[in-house]
Structure formats: structure tokens, C-alpha cells
Chemist: 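Pasting a structure below so you can have a look.
These figures come from a predicted structure and were not determined experimentally. Computation of the quantities below employed the complete heavy-atom set of this structure, encompassing side-chain atoms and omitting hydrogens, waters and symmetry-equivalent molecules. If you read the sequence from its start, that first residue is 1, and numbering goes on from there.
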Amino acid sequence: MRTDNPQAVASTVRGRNFGALWAGTAATNLADGVVKLTLPLVALSLTDSPALVAGTTLANTLPWLLFSLPAGALADRVDRRHLIMLMAAVRVVALTALVGGLLLGALPLAGLYAGALVLGTAEVFADTTRMTIIPMVVPRNRMESAFAKLTATESVANEFAGPPLGGLLAAAGLAVALGAGGLGYAATLVALMVMTGSYRSNRAPDTARPANFRADIAEGVRYVWRERILRTFLLASSVAAACWAAWTAVIVVYAVAPGPMGLSPSAYGLLLGALGVGGVAGAAAAPVLTRRLGRRITLTLAMAGFALLLAGPALATSPALVAATTFLGGAGTGVWNVTYVSLRALVVPDEMLGRYSGVSRLTSWGSMPLGALAAGVAAELFGVRVVFWGGTILCLVVLLTTLRTVMSAEFRQLEARAAAPPTPATPHAEATSD
């Protein structure tokens with residue numbers, strides 16, 4: 001039925017755009033869950049060294065340290081949807097090469113590292129950019145709800161559905177699992193093709209000087225540095241992300257037989273699935289917790305839950321106990337992501353959002369290769385459980401830092417800014433809201 005109501009037409013278009021972005025997010029994260037479970041298993045088939053197995057996680061996460069800032073600057077310059085689509089295509093090509101190497105029996109460990117590096121680089125540019133699109137397709141008053149939906153979807157696909165599916169596919173063949181990941185990234189391309197409109201930032205062109213990537217990056221870093229509360233949260237996220245990477249890098253050695261937990265690859269996938277179940281529960285609960293408890297208590301509880309992720313395997317080898325703490329760690333992560341990221345989206349201006357996202361990814365996700373490297377070395381020298389004990393101690397420090405930050409007067413001022421109406425800006429006529 002045809003309507004001449006411009007608002008109704010715009011609402012339909014915006015709803016379709018958000019739906020396509022949501023579907024693309026689901027496809028990407030399902031592929032991520034399958035691939036990230038499979039890559040360490042491929043490494044485990046090539047070597048029994050904990051350090052060399054951890055090297056896969058190091059290669060896959062190193063791009064966060066190398067390319068987060070350029071990715072953020074690029075997201076503020078180009079059409080953000082097109083950039084995400086390009087990165088999906090790069091992932092398809094990289095996985096095709098890895099599958100070919102496995103089928104031919106000609107994939108060396110160095111080749112696996114190279115593939116993991118390419119996949120990680122594409123992830124940096126795609127994920128950094130995706131965070132900047134969300135405020136362009138979601139109205140301000142529904143921001144937290146939209147982030148909850150997308151975060152829950154990421155958890156379901158990346159951590160709940162992806163790892164068990166990856167474990168089942170890996171049992172059929174490692175090449176089969178990696179090939180399925182490639183199909184997931186191809187599905188992302190198809191979903192994003194449905195979106196319409198321009199997805200460039202509201203940033204006004206500077207006619208006084210030519211485009212300068214270095215100046216753009218420096219401006220983004222200065223902006224983050226001035227925002228003390230957000231800067232503190234970034235540092236807390238950095239330590240937590242390093243601990244998560246350390247857990248990820250060595251949990252396969254600890255969990256899969258002949259490791260202490262003695263799990264099969266399929267059971268290992270189910271263990272990682274507990275992380276996704278917790279993430280879904282946390283993301284779904286975050287808006288309710290924020291309304292009833294406030295952001296202060298919600299953020300503190302989130303970090304406390306995450307600390308349990310490391311504490312579980314440090315204390316026991318029981319699959320049930322480790323699965324329970326993995327669930328709670330996922331729940332804490334889901335709550336933190338929705339609460340913090342939605343707060344950030346409400347206070348950071350659109351023209352700075354890409355660069356802020358880049359700095360955020362550098363300080364948080366960029367710490368992951370360092371955590372993976374430290375975990376590999378510590379596991380080789382002192383045993384895997386030492387990694388979990390060290391991560392638990394660091395997470396407790398982060399918990400205390402979070403508690404102190406949210407109790408400050410500056411945090412109250414930041415929440416007041418989030419509640420204030422947005423400043424006028426050039427609208428994204430074709431690409432705004434859900």
C-alpha cells in the first residue's frame with residue numbers, strides 16, 4: 001500500500017537498513033565464532049607447543065594494535081557500509097586460501113599465522129567501522145535498546161552458536177569449518193547490499209588544509225585524552241581485553257584432551273558456548289539493570305562478572321565449574337558492552353566517532369596480542385594455570401578502578417551529557433535510525 005507520508009516512508013527505509021545491518025552483524029559474528037575456534041585447533045594439529053598454539057591468537061589480534069587508529073580515521077572519511085563490505089570480501093579470500101592449503105596438505109604454521117593476520121586486519125577495519133554506523137541507523141532515544149539487540153546477537157552468533165557449530169564442523173574436518181566461516185562472511189556482503197543511503201560521517205570538509213591522516217589520528221587521540229572518565233574506562237577495558245586474550249590463547253590447551261579438563265573438540269565448543277549464553281543474558285539484562293540500578297552499579301557488576309572468567313580455571317578443572325564461571329564472564333562482558341558503548345555513542349559527536357572508536361579499539365583490543373603473547377610465554381615456563389591466576393589478579397585491580405571511577409562527580413557529569421538532547425548536525429537523510 002502506497003503512502004505519501006514522508007515520515008512513514010523514512011521509517012520504513014530506516015527499519016530496513018537496521019534490519020540489514022542486524023543480519024550482517026549476525027552473519028559476521030557466526031563466522032567469527034566458527035573461525036576463531038577453528039584456528040587454534042588447526043594450530044594444535046600442527047604443533048603441541050602451547051606458545052606456538054598461542055601464536056595463532058597473537059597473529060589474529062595483533063592488527064588491533066597496528067591498525068586501530070588508521071581504521072578509525074578511515075571510517076570518518078569514507079562510506080562506512082562500503083568499507084565493511086570490502087573487509088568481508090577480504091575475509092572470504094583469506095579463508096579460501098587457508099582451506100586450499102589444508103585440502104592440499106600444504107599449510108605450514110607460518111601460513112596459518114599469515115591467514116590469521118589477514119583475518120584479524122579485516123576484522124579491525126570492519127568492527128571499528130560498524131560501531132560508527134549504529135548511531136546513524138538508530139534514533140537517540142532507542143540507542144541503548146539497539147545496542148542491546150546487536151550485542152546479544154553478537155554473543156549468540158560469536159560465542160553461543162559459533163563455537164559449538166565450529167566444534168561440530170571441525171570434527172568433520174578443519175577445512176569444512178573454515179569453509180563455513182567463509183560462507184558466513186559472504187552472507188554479510190549480501191545483507192549489507194540491502195541497505196540504502198549514504199553512510200559518511202557528518203564531518204564538515206576542512207577547506208583550509210588538505211586531508212591528512214596523521215592530523216586526523218592526532219585529533220582523535222587528543223579528544224579521548226581530554227575525556228578523563230571515558231579514558232579511564234578505555235584503560236580498564238584494555239586490561240580486561242588482555243586478560244580475555246590470555247584466557248582464549250591457552251584455554252584450548254587446558255580444556256582439550258590431553259589437557260587437565262580432558263574435553264573433546266565438540267565439548268570444548270560447548271564450553272565456549274557458555275560464554276555466548278552469558279553474553280546474551282547480560283546484553284538482554286543491561287537496559288533493565290541500567291534503569292533500575294543506574295550505570296554506576298551496572299558497570300561495577302559487569303566487571304565483577306568478567307573477573308570470574310579467569311578465576312574459574314584458576315581454581316578448578318571441573319568442566320561444570322569452569323562452564324559456570326565462563327557463563328558469568330560472558331554475562332559481565334554483555335552488560336559492559338551495552339552499558340558503556342551506548343554511553344559512549346551518546347556523548348561522542350558523530351564527526352569524531354570513527355576516530356574515537358579507533359582509539360578505543362587500540363587501547364582495548366590492541367592489548368589482546370600482548371595478553372596472548374604473555375600467556376603463551378607464561379604457560380610455556382610456568383604452566384597454564386599460572387596464566388589464569390595472573391589474569392584474576394589483574395581483573396580485580398580493574399574492578400577496583402571501575403568502582404572508584406563510577407563514584408566520581410565527573411561520572412555524574414558525563415551521564416548528564418548523555419541525557420541532554422543532541423546538538424544540531426547535518427542529518428543522514430537516507431540512513432538514519434531504526
Side-chain angles (χ1 to χ4, degrees), residues 31-71 87 90-91 94-95 97-98 101-102 107-128 158-159 162-163 166 174 177-178 181 237-256 259 268 272 275 309-310 313 361-388 390-391 394-395:
D32 285 346
V34 171
V35 169
K36 290 184 179 180
L37 175 130
T38 307
L39 289 177
L41 291 176
V42 175
L44 201 57
S45 72
L46 300 175
T47 177
D48 58 0
S49 167
L52 293 179
V53 172
T56 305
T57 302
L58 172 62
N60 190 238
T61 56
L62 184 61
W64 290 106
L65 193 60
L66 300 178
F67 303 121
S68 291
L69 293 180
M87 293 303 106
V90 169
R91 287 157 139 172
L95 284 172
L98 288 177
L102 282 174
L107 180 64
L109 192 59
L112 177 63
Y113 289 166
L117 185 67
V118 172
L119 291 169
T121 300
E123 182 181 20
V124 169
F125 281 87
D127 283 11
T128 299
N158 198 330
E159 298 164 356
L174 296 174
L178 292 181
S237 297
S238 175
V239 177
C243 293
W244 180 85
W247 185 90
T248 302
V250 298
I251 191 64
V252 64
V253 178
Y254 190 74
V256 176
Y268 172 63
L272 294 190
L275 196 68
L309 177 70
L310 281 298
R361 297 287 174 149
L362 173 65
T363 55
S364 56
W365 291 63
S367 67
M368 292 194 300
L370 303 180
L373 177 61
V377 173
E380 194 78 35
L381 296 177
F382 307 110
V384 176
R385 186 167 281 183
V386 170
V387 175
F388 302 130
L394 287 175
C395 285

Chemist: Search all heavy atoms of L39 against all heavy atoms of L119 and return the closest pair with its distance.
Modeler: CD1-CD1, 4.3 Å

Chemist: Any chance you could measure T248, atom OG1, to L309, atom CG, to the nearest 0.5 Å?
Modeler: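 Separation between the atoms: 7.5 Å.
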
Chemist: To the nearest 0.5 Å, what is the distance between CG (L69) and CG (L362)?
Modeler: 4.5 Å

Chemist: Look up atom OG in S45 and atom CG in L107, then write down how far apart they are to the nearest 0.5 Å.
Modeler: 8.0 Å

Chemist: List the atom of V34, the atom of G181, and the distance in Å for their closest heavy-atom pair.
Modeler: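 Smallest heavy-atom distance, with atoms named: CG1-N, 4.4 Å.
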
Chemist: Pick one: which of L112, T47, L46, L44 meets side-chain contact (heavy atoms from CB on, under 4.5 Å) with L52?
Modeler: T47

Chemist: Which heavy-atom pair separates P40 from V252 by the least distance, and what is that distance?
Modeler: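 Between these two residues, the closest heavy atoms are CB-CG1, 4.3 Å.
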
Chemist: Do the non-hydrogen side-chain atoms of Y268 and L37 ever get within less than 4.5 Å of each other?
Modeler: yes

Chemist: Start with the C-alpha distance between D32 and R91, add both sets of side-chain angles, then the distance that settles side-chain contact (heavy atoms from CB on, under 4.5 Å), and finish with yes or no.
Modeler: CA-CA 10 Å; D32 285 346; R91 287 157 139 172; 3.5 Å; yes

Chemist: Taking the side chain as everything from C-beta on, heavy atoms only, tell me whether L117 gets closer than 4.5 Å to Y113.
Modeler: no

Chemist: Would you please name every residue forming a ring pair (Phe, Tyr, Trp, His ring centres under 6.0 Å) with Y254, sequence neighbours left out?
Modeler: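 For Y254 the ring pair (Phe, Tyr, Trp, His ring centres under 6.0 Å) partners, ignoring immediate neighbours, are F388.
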
Chemist: Return the minimal non-hydrogen interatomic distance between L310 and C395, and the atom names on each side.
Modeler: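 Closest approach of L310 to C395: CD2-SG, 4.0 Å.
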
Chemist: Give the minimum heavy-atom separation between A241 and S367, together with the two atoms involved.
Modeler: CB-OG, 3.6 Å

Chemist: Sequence neighbours left out, cut at 3.5 Å: what donor-acceptor pairs do the side chains of residues 59-66 make with other protein atoms?
Modeler:
| from | atom 1 | to | atom 2 | distance (Å) |
| --- | --- | --- | --- | --- |
| N60 | ND2 | A116 | O | 3.0 |
| T61 | OG1 | T57 | O | 2.7 |
| T61 | OG1 | L58 | O | 3.4 |

Chemist: Can V386 and L381 be said to form a side-chain contact (heavy atoms from CB on, under 4.5 Å), step by step?
Modeler: CA-CA 10 Å; V386 170; L381 296 177; over 6 Å; no

Chemist: So which heavy atom on S49 is nearest to which on E380, and how close?
Modeler: OG-OE1, 3.4 Å

